[in-house]
Amino acid sequence: MYTQAMDIPGQHQAAVSVNLSPEEAKFEARIEADGRIEPQDWMPEAYRKTLVRQISQHAHSEIVGMLPEGNWISRAPSLKRKAILIAKVQDEGGHGLYLYSAAETLGTSRDEMIDALHSGKAKYSSIFNYPTLNWADVGVIGWLVDGAAIMNQIPLCRCSYGPYSRAMVRVCKEESFHQRQGYEALLVMMRGTEEQKQMVQDAVNRWWWKCLAMFGPPDADSPHSAQAMKWGIKRISNDELRQKFVDATVPQAKVLGVTLPDPNLKWNEERQHYDFGQIDWQEFWNTVQGNGPCNKERLATRVKAHNDGRWVREAAMAYAHKQAQRAHKEAA
Ligand code: BYC
C-alpha cells in the first residue's frame with residue numbers, strides 16, 4: 001500500500017549546459033540520466049549542504065523519535081508487546097546510525113551534527129515534540145507516524161546521493177514492520193472493551209493533524225523543494241506525499257473502526273482523491289521553532305543520555321588505541 005511507482009515522467013529537467021565547467025557538466029549529466037552521485041564525486045557545494053541538512057535532520061529525528069516510545073518500554077501491557085517495542089526502538093537507533101554515517105561521507109563529522117542537535121541549532125521532526133499519554137499512543141505512532149514516515153521515505157530510496165538512497169532501502173523495510181505492528185496493536189484494542197476503543201479514538205484524534213503536518217509546509221511555502229526536486233534528492237513533493245498518505249490511510253481507518261477527526265474529509269470523484277481540511281500551520285511552526293509541548297524535555301533527555309554515555313565512548317576509544325598499539329608492536 002506504500003509502494004510508489006519507480007518512474008516519474010518529466011522528473012528531470014533538461015540540464016542547462018551553458019557555461020558549465022567540465023565537472024559541473026558531468027554532475028548535471030549524471031543527475032539528468034538518473035544516476036547516483038557518490039562521496040568521491042565532485043558535487044556543487046549547495047548540493048552537499050542540502051544533503052547534510054536533510055540527512056542530519058533525518059538522523060536526529062530517528063534518535064529523538066526513540067524517546068516518546070522508549071518511555072513505554074517499562075509499561076508495555078505484555079511481554080510480547082514489550083519485546084516488539086524494544087526491537088522497534090532499537091531499530092530507530094540503527095536508522096540514526098546509518099543516516100549519520102551517510103551524512104559523514106559528505107565531510108561533516110558526527111560530533112558537529114550532534115552538537116548542532118544539542119545546541120538547538122538543528123531541526124528534527126516536529127512530530128516527536130508531542131506527548132505519548134497512554135498505550136494507544138504507541139500503537140498510533142506505529143500506524144500513523146511510521147506510516148507517514150514510509151510514505152515520505154520510499155521515494156528517498158531513489159535519491160540521487162548513493163549513500164542516502166542505499167540507507168533508505170533498509171530503513172523502509174524496517175519501517176514497514178513498525179507500521180504493521182502499530183496497526184495490529186490497535187486492531188487488538190479495537191476488539192477489546194469500550195474503554196480500549198475510546199483510548200484508540202482519542203489517540204487518533206490527537207495525532208492525526210500532527211501526522212499530516214509531518215510532510216512539511218505546503219509546496220508553495222517550501223523554500224527547499226524546487227531545487228531538491230531538480231537535483232533528484234526529493235522525488236515527490238510535500239503536498240503530493242501528504243495526499244498519498246491521506247488516500248492510503250482512510251481505508252485503513254475504516255477497517256480499524258476509527259473516525260479520522262476531520263469533518264471535511266471526503267472522496268472527491270473528480271480528483272480521484274480525498275479532500276481534507278486545513279492544517280494548523282501556525283501550531284506546526286511554533287513546534288518546529290522549539291515551543292511545542294515536549295521540545296525542551298526531548299532535548300534535555302538527549303543531552304543527558306549523551307553525557308551519561310561519555311565514559312563508554314572514552315573506554316571504546318582507549319581500547320581501540322591499545323589494540324592499534326599492540327598491532328603496531330607485533331608488526332614491528
Ligand atoms: N518537522 O522547504 P521544506 C521518522 C522544515 S523520522 C520539522 O519543505 P525540505 C520516525 C525543514 O527542515 C521522520 N521541521 O524542507 C523516526 C526546513 O527547515 P530548514 C523524519 C520541518 O527539507 C522514529 C523548513 O521546514 N523524516 O519518521 O525540502 C520513529 C522548510 O521545509 C518539518 C525525514 O527527515 C517537520 N515535519 O522538506 C518513527 C525524511 N517539515 O532546514 C518515525 C527526510 C519541514 O530550512 N526529510 N521542516 O531550517 C525530508 O524528506 C525533508 O527534509 C522534509 C522537509 C519533507 C521533512
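Just so you know, ligand 1 is whichever comes first in the structure, and atom 1 is the first atom listed for that ligand.
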Requested in this report: Could you name the option among Met214, Arg235, Met151, Met168 that has the heavy atom nearest to atom 36 (N) of ligand 1?
Outcome: Met214
Query raised in the report: Taking distance alone, with no angle check, do Lys88 and ligand 1 share an N/O pair under 3.5 Å?
Result: no
Query raised in the report: What atoms in ligand 1 come closer than 4.0 Å to a heavy atom of Tyr164?
Result: 43 (C)
Query raised in the report: Hey, does Lys234 come in under 3.5 Å of ligand 1, counting only N/O atoms on both sides?
Result: yes
Requested in this report: Heavy-atom contacts with Leu156 under 4.0 Å: which atoms of ligand 1 show up? List them by number with element.
Outcome: 43 (C)
Query raised in the report: Has the side chain of Arg298 got a donor or acceptor atom that lies under 3.5 Å from a matching backbone atom of Tyr130?
Result: yes
Query raised in the report: Within 4.0 Å of atom 53 (C) of ligand 1 (strictly less), any protein heavy atom?
Result: no
Report task. Return the residue, atom name and 0.1 Å-rounded distance of the protein heavy atom closest to atom 30 (C) of ligand 1. Result -> Pro223 CD, 3.7 Å
**Report entry** N-O pairing of Glu283 and Lys210 below 4.0 Å
**Finding:** yes
**Report entry** Identity and distance of the protein heavy atom lying nearest atom 1 (N) of ligand 1
**Finding:** Ser126 N, 2.8 Å
Query raised in the report: Does ligand 1 have an atom that lies less than 4.0 angstrom from a heavy atom of Ala228?
Result: no
Query raised in the report: Is there a side-chain contact between Glu174 and Glu92 (heavy atoms, below 4.5 Å)?
Result: no
Requested in this report: Show your reasoning for whether side-chain contact (heavy atoms from CB on, under 4.5 Å) applies to Val52 and Glu104.
Outcome: CA-CA 8 Å; Val52 170; Glu104 279 181 310; over 6 Å; no
Report task. Check whether any protein heavy atom sits under 4.0 Å from atom 56 (C) of ligand 1. Result -> no
Report summary line: Note: ligand 1 atoms sitting under 4.0 Å from heavy atoms of Phe215 are 55 (C)
**Report entry** Those atoms of ligand 1 less than 4.0 Å from some heavy atom in Gly216
**Finding:** 40 (N), 44 (C)
Query raised in the report: Applying the 4.5 Å side-chain criterion to the ILVMFWY set and letting contacts propagate, would Tyr161 and Trp42 be lumped into a single cluster?
Result: yes
Query raised in the report: Is it true that the side chains of Gln54 and His224 contain a donor and an acceptor less than 3.5 Å apart?
Result: no
Requested in this report: For the pair Trp281 and Phe284, name the ring-plane relationship: parallel under 30°, tilted 30 to 60°, perpendicular over 60°.
Outcome: perpendicular
Report summary line: Looking only at protein heavy atoms, what sits closest to atom 6 (S) of ligand 1 is Ser61 CB, 3.6 Å
Requested in this report: Kindly indicate whether the side chain of Asp41, heavy atoms from C-beta on, has any atom under 4.5 Å from the side chain of Lys26.
Outcome: no
Query raised in the report: Considering only the protein, which heavy-atom contact is closest to atom 25 (O) of ligand 1, and what is its distance?
Result: Trp285 CH2, 3.4 Å
Query raised in the report: Will you find, in the side chains of Gln252 and Thr249, an N or O donor that is under 3.5 Å from an N or O acceptor?
Result: no
Query raised in the report: For atom 32 (C) of ligand 1, which protein heavy atom lies nearest, and how many Å away is it?
Result: Phe284 CZ, 3.5 Å
Query raised in the report: In ligand 1, which numbered atoms sit nearer than 4.0 Å to a non-hydrogen atom of Val288?
Result: 7 (C), 14 (N)
Query raised in the report: What is the ring orientation for Trp143 with Tyr183, classed by angle as parallel under 30°, tilted 30 to 60°, or perpendicular over 60°?
Result: tilted
Query raised in the report: Taking distance alone, with no angle check, do Asn152 and ligand 1 share an N/O pair under 3.5 Å?
Result: yes
Requested in this report: Check whether more than 12 heavy atoms from other residues, nucleotides or ligands sit under 6.0 Å from atom CD of Gln90, and answer yes or no.
Outcome: no
Query raised in the report: N/O of Arg53 under 3.5 Å from N/O of ligand 1, yes or no?
Result: yes
Report summary line: the protein heavy atom lying closest to atom 38 (C) of ligand 1 turns out to be Asp146 OD1, 3.3 Å
Query raised in the report: Around atom CD of Gln272, are there more than 12 heavy atoms of other residues, nucleotides or ligands at under 6.0 Å?
Result: yes
**Report entry** Protein contact of atom 29 (C) of ligand 1 - nearest heavy atom, named by residue and atom, plus distance
**Finding:** Glu92 OE2, 3.1 Å
Query raised in the report: Got the closest protein heavy atom to atom 7 (C) of ligand 1, with its distance?
Result: Tyr124 O, 3.4 Å
Query - Under-4.0 Å heavy-atom contact with ligand 1, by part of Ala148 that carries it - result: neither
Report summary line: With heavy atoms and a 4.0 Å threshold, my read on which part of Phe128 contacts ligand 1 is side chain
Report summary line: So CD of Glu240 and CZ of Arg235: to nearest 0.5 Å the spacing works out to 13.5 Å
Report task. Walk me through it: do Tyr100 and His60 pass the test ring pair (Phe, Tyr, Trp, His ring centres under 6.0 Å)? Result -> CA-CA 9 Å; Tyr100 283 124; His60 301 328; 5.5 Å; yes
Report task. For Lys82 and Ile73, indicate whether the former's side chain and the latter's backbone hold a donor-acceptor pair under 3.5 Å. Result -> yes
Query raised in the report: In ligand 1, which numbered atoms sit nearer than 4.0 Å to a non-hydrogen atom of Ser222?
Result: 2 (O), 3 (P), 8 (O)
Report task. Run down the list Lys123, His178, Glu175 and name the one with the heavy atom closest to atom 5 (C) of ligand 1. Result -> Lys123
